[in-house]
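Below, read A as the first sequence line, B as the second, and so on, with proteins coming before strands; counting in each chain starts at 1. As the structure is a computational prediction, the values presented were derived from the model and not from experiment.
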Protein chains: 2
Amino acid sequence: MTPDKTNLGTNYVFRALADPTRRAIFEELARHGEQTVHALTGYAGVSQPAVSKHLTVLKRAKLVRHRREGRETHYRAQPDALTPMVDWLRHYGAFWRDRFDRLEVLLERMDP
Amino acid sequence: MTPDKTNLGTNYVFRALADPTRRAIFEELARHGEQTVHALTGYAGVSQPAVSKHLTVLKRAKLVRHRREGRETHYRAQPDALTPMVDWLRHYGAFWRDRFDRLEVLLERMDP
DNA sequence: ACAAACCATAACCATATGGTTATGGTTTCT
DNA sequence: AGAAACCATAACCATATGGTTATGGTTTGT
């Protein structure tokens, strides 16, 4: 009846990627690899604290990991955290379901 | 340098699906087909005006279409509007890119 | 004709969100 | 040692967001 809204992990991923600045930060990390907060601040066009807060949200969704090195913190994308979103698309995007299903089968055949 | 946040279509889709109630409504429509606002209200667990507003947001993202029939409005999912999200995943989900690319190639071969 | 059902919009409210500047803690550089 | 760089958190602010109740316009049922 009333829908189940208790899937926090999935919710965190969708919410994290709903903001364009956060998406841009994730894209930058996915494309150009590990970056410091300082470097990301230069890229993102907002203040350093804003970037830090965005990174916290991405961290909560496990979309980024961080590594402290001296005074700087290096962040990198963790793209496998997108799995919940991919799964959601597979289940509810009827248009894509066939393609996904066929992908599953084909990949099974290719790597045993 | 500073990221491009002007891709409104993509942004609408991500924002629309960021809310769990909205996702639930879309899921319900995708699974069980066309529904009236009244039926969706019974399902969603929030008031009828709340459902109407959610449907407006989903409409803006082109994730649903509506059809007036007398005093009731029937909504149905428009899953191909998920394309921007699928494309985004293909580009920036490095973990998934290989699989998507292979899918493209394989589908090319299968239906000419 | 009247009442009821269906839906959208208005008006309103509390909280979440995304941004800022200020501050303080480490770490590095001179 | 002292200054500067890097980052996270605090404090604050304006707006967006998601919900509610109230209302009004159509359409349907009696």
Side-chain angles (χ1 to χ4, degrees), chain A residues 1-8 10-29 34-61 63-76, chain B residues 1-8 10-29 34-61 63-76:
Chain A
M1 196 65 85
T2 73
D4 181 24
K5 295 183 227 174
T6 59
N7 193 341
L8 289 189
T10 301
N11 208 27
Y12 286 154
V13 174
F14 274 90
R15 291 199 85 81
L17 296 175
D19 181 79
T21 301
R22 232 137 44 207
R23 232 163 31 238
I25 290 175
F26 180 83
E27 291 168 13
E28 172 66 11
L29 291 174
E34 200 175 72
Q35 310 258 349
T36 67
V37 175
H38 184 64
L40 289 173
T41 298
Y43 171 77
V46 292
S47 67
Q48 174 266 311
V51 172
S52 277
K53 290 207 289 183
H54 282 309
L55 288 169
T56 299
V57 175
L58 290 169
K59 241 186 308 184
R60 189 182 56 176
L63 286 164
V64 298
R65 291 177 61 82
H66 66 285
R67 172 176 68 82
R68 296 275 328 267
E69 185 178 352
R71 65 180 161 179
E72 49 197 3
T73 310
H74 298 256
Y75 281 84
R76 60 191 182 82
Chain B
M1 194 64 90
T2 71
D4 180 24
K5 294 183 229 172
T6 58
N7 194 341
L8 290 188
T10 301
N11 208 28
Y12 287 154
V13 174
F14 273 90
R15 290 199 85 80
L17 296 175
D19 180 78
T21 301
R22 231 136 45 205
R23 241 173 10 251
I25 290 175
F26 180 84
E27 291 168 13
E28 172 66 9
L29 291 175
E34 200 175 72
Q35 311 257 349
T36 67
V37 175
H38 184 64
L40 288 173
T41 298
Y43 171 78
V46 292
S47 67
Q48 174 265 312
V51 172
S52 276
K53 289 207 290 183
H54 282 308
L55 287 169
T56 299
V57 175
L58 290 169
K59 240 186 309 183
R60 190 181 55 176
L63 285 163
V64 299
R65 291 178 60 83
H66 67 286
R67 173 176 69 84
R68 295 275 327 267
E69 185 177 352
R71 65 181 162 182
E72 49 197 2
T73 311
H74 299 258
Y75 281 84
R76 59 191 184 81

Review point. Can you name the one residue among B/Arg67, B/Gln35, B/Lys59, B/Arg65 that meets side chain to side chain contact (heavy atoms under 4.5 Å, CB included) with B/Tyr75?
Key: B/Lys59
Review point. OP1 or OP2 of D/dT17 sitting under 4.0 Å from any side-chain N/O of B/Thr21?
Key: no
Point to revise | Nearest-0.5 Å distance, CD of residue B/Glu69 to NE2 of residue B/His74 | key: 4.0 Å
Study note, to complete from the structure: Here the distance between atom C1' of C/dC7 and atom CG of B/Leu58, to the nearest Å, is 16 Å
**Study point:** Shortest non-hydrogen contact from B/Thr41 toward B/Val46
**Key:** CG2-O, 3.6 Å
Review point. Distance from A/Arg60 atom CZ to A/Asn11 atom CG, nearest 0.5 Å?
Key: 8.5 Å
Review point. Phosphate oxygens OP1/OP2 of D/dA8: is one of them under 4.0 Å from a side-chain N or O of A/Tyr75?
Key: yes
Practice item. Give one of base, sugar-phosphate or nothing for B/Ser52, where a contact means two heavy atoms less than 4.0 Å apart. Key: base
Check your understanding: With respect to the side chain of A/Lys53, which nucleotide from D/dA8, C/dT17, C/dG19 is positioned closest?
Key -> C/dG19
Could you list the protein-to-nucleotides 21-27 of chain D atom pairs, N/O on both sides, closer than 3.5 Å?
| from | atom 1 | to | atom 2 | distance (Å) |
| --- | --- | --- | --- | --- |
| D/dT27 | O3' | B/Arg71 | N | 3.4 |

Revision key, fill the gap. The side chain to side chain donor-acceptor pair (under 3.5 Å) partners of B/Thr56 (sequence neighbours excluded) come to none
Point to revise | Between C/dA16 (C1') and B/Asp19 (CG): distance, integer Å | key: 12 Å
**Study point:** CZ on B/Arg76 to CG on B/Leu29, rounded to 0.5 Å
**Key:** 10.5 Å
Check your understanding: Given C/dC7, C/dT17, D/dC6, which nucleotide is nearest the side-chain atoms of A/His38?
Key -> D/dC6
Study note, to complete from the structure: When rounded to whole Å, the CZ to C1' distance for the pair A/Arg22 and C/dA16 reads 11 Å
Exercise for review: Let me know the distance between CZ of A/Arg15 and C1' of C/dT17, rounded to the nearest Å.
Suggested key: 9 Å
Revision key, fill the gap. Computed from five pairs at either end and rounded to 10 degrees, the angle between the axes of the helix from C/dA1-D/dT30 to C/dT30-D/dA1 is 10°
Practice item. Look up atom CG in B/Leu17 and atom CG in B/Leu63, then write down how far apart they are to the nearest 0.5 Å. Key: 5.0 Å
**Study point:** Whole-Å distance separating the NE2 atom of B/His54 from the P atom of D/dT20
**Key:** 9 Å
Exercise for review: Could you go through the side-chain contact (heavy atoms from CB on, under 4.5 Å) check for A/Val57 and A/Asp19 one step at a time?
Suggested key: CA-CA 10 Å; A/Val57 175; A/Asp19 181 79; over 6 Å; no
Review point. Roughly, in whole Å, what's the span from CG in B/Leu55 to P in C/dA8?
Key: 7 Å
Check your understanding: So, for B/Arg23 and B/Ala18, which heavy atoms are closest and what is the spacing to 0.1 Å?
Key -> NH1-O, 3.5 Å
Review point. In whole angstroms, how far is the C1' atom of D/dT17 from the CG atom of A/Asn11?
Key: 14 Å
